[in-house]
Novice: 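Below are the structure tokens for one structure; questions will follow.
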Amino acid sequence: MRDQVDVVIVGAGFAGMYSIHRFRAAGLSVRCFDVASDVGGTWYWNRYPGARCDVPSLEYSYSFDADLEQEWEWTERYAGQPEILRYAGHVADRFDLRRDITFETRVTDVVWQDDDDRWHVDTSAGHTLAARFVVMATGCLSNANRPNLPGVDDFAGETAHTGNWPHEGVDVAGRRVGVIGTGSSAIQSIPILAEASGHLTVFQRTATYSVPALNRPLTDTEVADIKGRYPTFRAANRQQTGAFGSENERIDMAVADRGVETVVEDLERRWNDVGGFAVLSAANDFVLNGDSNEIAAGFVRDKIASIVEDPDTARKLQPEQVIGCKRLVLDTGYFETYNRPDVDLVHLPDEPIRRITATGIEVGPDDAARHVELDVIVFATGFDAMTGALLAIDPVGRDGTPLSEAWAAGPTNYLGLQVPGFPNLFTITGPGSPSVLTNMIMSIEQHVEWIDDAIRALDADGLRTIEPTADSAERWVGHVNAIADFTLFPHCNSWYLGANIPGKTRVFMPLLGFPDYVTECNRVVAADYDGFVRT
Ligand code: NA7
């Protein structure tokens, strides 16, 4: 006999934690599972040196409880991973969340049963549950991508993935370290690894645009200011495309209207004095217009050339693609690191990885192969983003159809919340929702509250199931892509498109524009769950 529960929640990160709190308050019984041994989700796993959030700490935090907002003290403009993990632990203590979480347990099977309108959920620890609802709080960047490079298992030294960093750390002192990848995780960790190791070699496939974070301690005055007006600050942030940054100095003018010279002067000021994503707020069409984009891209390329002393290294570090179509990275001393005598760059387009050996990585064309000797290899190679964690579980919906089959041509769902054929299964910050293009915690709160309302409405109406029609999901995917096509976002091989994973269908997954999305979610509810079938 299966244990009966109202809601199974998969994942105990920020989405899972708020789900537990919210659904409990609605009088529902909940059971949450996580592979980790504590809460925190992505912040539990990403313990690499330098891991830090790129959304300011006073914004990347829950807004659902005023006392929580007031009592927690953030210390830096951008919170580091240890501080965010402490915050997650504090929230778990404060709301007594852990009593409904089973840690170190993987959800292995999630199968819909038409005969009793329940999801049958099995775990690696032998749990068997029957749940009315399943909430996939599995995270967008939780399924690490470890490329299958030739010889990868031959390496006799130590390896680590930034997205699954060993709790005991990696001892790099005096050792020769190689970092594969130059995304955000690599760029955050490289300056610190360079300082701590004997020698560092970076293996770069695509150069990355990065701007100074200008991280710093928060002052008491600015914290008191925000805490004194948190509700209006949050409300203003929710009106922003990315649900954060309402007080960033944003210029609502195109480059051509503002004038190139003024824009470049402003970019310079922002680079030196402002930092963060706001560096690119010097005009409003950088990701809309190719010529405008080139102004910002050229500015950052010139910065790289002025910082990096060796001209050949500087050239390799200058990205060629559109700026902003891969997530802009915020750094602390990244480009400066290449001026160290103990740091080398291998530009993989010139010298591809041939194979990993017992003692390092062999690179280069046939006629100029060379071997880089290494003691440690760090895979900073990112994630199978947005769909990876969902497909790893691969829920089986109506008629025995697995999600992997329903999504063979790319993720199809409605509002990023529900997949046709998967009744009562909800995805938090799923593909098709603003998710990774926003302050994730604001998106998480909006999703959890929408799901909570949907469940309450079902119960109030004496109904058992909710799922979207195939037609509404098809229209939604078209809408998400039509909006992306107005921009330069689809113009490079980003993980937003799934382009970083060999064989993954190329579809732009996140939806641009948080406020319009929320309006649409609310309209759907007001129109009696328009686009959904409730039975
Ligand atoms: P990212 O941003 O996906 O970066 C991964 C990096 O690894 C990127 O430079 C990739 O190059 C590189 N990569 C991936 N596979 C390979 C192979 N096979 N060979 C060489 N290089 C490879 O992940 P992060 O963890 O840095 O950041 C993820 C998000 O977390 C970030 O956007 C923030 O939101 C926080 P590519 O560019 O694909 O050529």
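One-based numbering along the sequence shown. Bear in mind the structure is a predicted one, so any value in this text is a computation, not a measurement. Both counts, for ligands and for their atoms, begin at 1 and track the order of listing.
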Novice: Could you pull out every protein residue that has a heavy atom closer than 4.0 Å to ligand 1, ordered by chain and then number?
Specialist: Leu141, Asn145, Pro147, Ile180, Gly181, Thr182, Gly183, Ser184, Ser185, Arg205, Thr206, Lys326, Arg327, Leu348, Ala380, Thr381, Gly382, Phe383, Trp495
Novice: Sequence neighbours left out, what pairs pass disulfide bond (SG atoms under 2.5 Å apart) with at least one residue falling in residues 482-514?
Specialist: Cys325-Cys492
Novice: Can you pull the side chain to side chain donor-acceptor pair (under 3.5 Å) pairs that have at least one residue in residues 316-326, sequence neighbours excluded?
Specialist: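 As it turns out, the side chain to side chain donor-acceptor pair (under 3.5 Å) pairs with a partner in residues 316-326, which skip direct neighbours, are Asp312-Lys316.
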Novice: According to the ring-ring contact (aromatic ring centres under 6.0 Å, His included) rule, which pairs have a member within residues 308-334, sequence neighbours left out?
Specialist: Tyr334-Tyr338
Novice: Does a salt bridge link Glu83 with Arg52, judged by any charged N lying under 4.0 Å from a carboxylate O?
Specialist: no
Novice: Taking NZ, NE, NH1 and NH2 as the nitrogens, is one of them in Glu445 or Arg234 under 4.0 Å from a carboxylate oxygen of the other?
Specialist: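 No, Glu445 and Arg234 are not salt-bridged.
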Novice: Output yes when a side-chain donor or acceptor of Asn339 lies under 3.5 Å from a complementary backbone atom of Ile307, and no otherwise.
Specialist: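 Yes; judged by distance alone, with no hydrogens or angles, the pair exists.
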